[in-house]
Amino acid sequence: MKCRIFGIDFKNPVFLASGTFEFGLIYKNVSNRVGAIFTKGITLQPRKGNPPPRVHETACGLINSVGLENPGVEVFSRDILPQMRKLKTRIIVNVAGFTPDDFVKIVGELDSRVDAFELNVSCPNVKKGGVAFGRDPDICAEVVANVRRVTKLPVIVKLTANFCDPLIVGRRCVEAGADGLSLINTLHAMAFDIDKKRVLIKGGLSGPAIKPVALFCVHRLKDLGVPLIGVGGIMSGRDVYEFLLAGASAVAIGSATLRDPYAPLRIIKELKRLTTSG
Amino acid sequence: MISRRLKIIRKKWYTDNIFGLEFNYPGLRPLPGQFLQIQVDEGVDPFLNRPISIASYKRARLLMVIKVVGRGTKMLSAKERGDQVTLFGPFGRKFRPKKKKSLLIAGGIGVAPLHFLAEYFCKHSVNFDMIYGVRTNRDFILRKDLEQMADNTIWVAEKGYRRAGTVVSVVKKIDLTDYEIAYTCGPKEMLIALQKLDMPIPVYAFCEDFLGCGCGLCLGCAIMYRGEYKRICVDGPILELGGIDFEV
Ligand SMILES: Cc1cc2nc3c(=O)[nH]c(=O)nc-3n(C[C@H](O)[C@H](O)[C@H](O)COP(=O)(O)OP(=O)(O)OC[C@H]3O[C@@H](n4cnc5c(N)ncnc54)[C@H](O)[C@@H]3O)c2cc1C
Ligand SMILES: Cc1cc2nc3c(=O)[nH]c(=O)nc-3n(C[C@H](O)[C@H](O)[C@H](O)COP(=O)(O)O)c2cc1C
Ligand code: FES
């Protein structure tokens, strides 16, 4: 099931999505058998994350508002990356910036010690009134172009489907030099506490509930000419197969690991069976 | 961590909303405070597993005691002897209780993990007393077992006729200097009230909250502890009561 994307060899097209497998260091036997692992979102400064509740189950999925808790690029680079580099898998760093400059600094700091970068453009752009980067094709293109200048490694942009057309943003990213696109990030969602008559959680929806949306987005971008990584609600080999049919070159498993940390291994096995039985 | 698909070998209703499930689970080797993630259904709704403490583990027999509070526990309560259930774990920090005279303070279903702590103390010949509070006299579970294991026990029911009160009212009255350490598990309001008593001995709380993965992957179970977020599932669930910030 080897695959070659962005000029890199991966042992299979099943990757681990950002934010749902820590840094791959807890279940190393899973990390070692997937094609690649996307790290948790890494920001310039350390972030404590949001107050609880941070997860809330909904029909066939969950809403999370973890708030990008992470140790910051310095600690990641010094303490965590060296451990990750011992894993037998590709490392793709999920770069989360709050200003266009953040992306360049983080990528510059880690360049050449990882396999690729995934730009998480879902954060609010603090320089532009807090509107998410991902909704603004001009800013996204600018971020990609700037990052392009500081690294030769593959640059993937993780697109959002929140309040925007990923095709428009995706096309601009590709023109600006993106090597690939991954989609989708979580969908804006909320839930109420009816006893206390107030908001229970506001965050991002993930899990099987969003799979049809993710498939639609991948299919919509299939002719952009760069490899696509499908993300959203994948629970089985059949789900992966659907994403491949939609036009993805690889997929990433997110929420499924919260239910079963070994799910990626089962999914790889199922996919193998599906692809070899023709 | 391992995952096992096991048959329920015994099911028992203790009260009208608390039931126990027993499994034959050789080789588990759990420590007090540890829990398993139970998959409620093979389908994806409910999506997340439910964390349930180990209430007893003897000669490979695993007991989990569950209170029906919502959809997931309701669905679990429909399972019967012979049905298969998928369990992940054990999870939770490897916490080895000190072998010192201890006080166990249980509120409601919080008795489940403390029952396993009691078993652990018996096995290691540690002396302990127990205070156990519930709503009404009908809500006590595992009572005989606990009476056998503890040196002294005090049972209180909020609406009890002989001894009406709460564990907090009992703790206020007893001499805590008889003990070197205390362990507690119960509803959040009880933990907050105990924290306010500022007891003169170290108190460890078994924290229960909504979890995501239960095993350190998602950062969904944050609890503010001594000025920073800790993960209940891997840094806890046993944490020092005084360090928890319940306001966050
Ligand atoms: C380490 C640990 C050990 C545990 N051990 C035991 C045990 O031994 N026995 C036992 O009975 N229980 C135990 N619990 C608690 C148990 O896991 C929960 O009661 C169970 O997950 C509830 O599932 P449910 O689907 O029935 O309820 P749900 O339907 O998920 O929720 C129950 C209630 O809470 C509300 N609710 C749901 N999500 C939220 C939220 N994010 N914020 C506020 N309110 C919300 C719902 O509206 C509902 O009223 C333990 C928990 C932990 C963390
Ligand atoms: C708890 C949690 C944390 C996440 N953290 C990140 C993150 O840091 N960066 C990111 O780009 N996506 C993050 N995501 C989104 C996932 O990578 C993925 O795009 C999304 O969950 C959809 O896939 P799924 O349905 O398989 O989970 C997170 C998702 C969850 C559930
Ligand atoms: S529940 Fe996922 S990290 Fe604790």
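What you see below is based on every heavy atom in this structure, not just the backbone, and it leaves out hydrogens, waters and symmetry mates. So you know, we letter chains A, B, ... as the sequences are listed, proteins then strands, and number each from 1.
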Please determine, among [options], the option with the most heavy-atom pairs under 4.5 Å with chain B.
{"options": "A:H56, A:E57, A:K48, A:E22", "answer": "A:E57"}
{"options": "A:A59, A:G19, A:G61", "answer": "A:G61"}
{"options": "A:S255, A:P53, A:G207", "answer": "A:S255"}

Please flag which part of [X] lies under 4.5 Å from any non-hydrogen atom of chain B: side chain, backbone, both or neither.
{"X": "A:N50", "answer": "backbone"}
{"X": "A:P51", "answer": "both"}
{"X": "A:A209", "answer": "neither"}
{"X": "A:S65", "answer": "neither"}
{"X": "A:F23", "answer": "neither"}

- Where does the angle between the aromatic ring planes of A:F15 and A:F10 fall among parallel (under 30°), tilted (30 to 60°) and perpendicular (over 60°)?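 If you compare the ring of A:F15 with that of A:F10, the planes turn out tilted.
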- Task: Specify which of B:G212, B:C215, B:G72, B:S3 makes the most heavy-atom pairs with chain A at under 4.5 Å.
- Result: B:C215
- Item | Greatest number of heavy atom pairs closer than 4.5 Å to chain A - which of B:L48, B:V234, B:D209, B:V248 |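 Option with the greatest count: B:L48.
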- Message: Tell me whether B:K11 forms a cation-pi arrangement with B:F19, defined as NZ or CZ under 6.0 Å from the six-membered ring centre and within 45 degrees of its axis.
- Response: yes
- Query: Within 45° of the axis and under 6.0 Å from the centre of the six-membered ring of A:F38, does NZ or CZ of A:R90 qualify?
  - Reply: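 Judged by the rule, A:R90 and A:F38 form no cation-pi pair.
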Side chain to side chain, [X] and [Y], heavy atoms closer than 4.5 Å:
{"X": "A:T20", "Y": "B:C218", "value": "no"}
{"X": "B:I18", "Y": "B:I66", "value": "no"}
{"X": "A:R259", "Y": "B:N49", "value": "yes"}

- Shortest non-hydrogen contact from B:D41 toward B:D45: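 Taking B:D41 first and B:D45 second, the nearest heavy atoms are CB-O, 4.3 Å.
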- Please report the closest heavy-atom contact between B:G33 and B:I238, naming both atoms and the distance. CA-CD1, 3.8 Å
What part of [X] lies closer than 4.5 angstrom to a heavy atom of chain A: side chain, backbone, both or neither?
{"X": "B:R71", "value": "neither"}
{"X": "B:D245", "value": "neither"}
{"X": "B:M1", "value": "both"}

- Query: Between B:R93 and B:D235, is there a salt bridge with N-O shorter than 4.0 Å?
  - Reply: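 B:R93 and B:D235: not salt-bridged.
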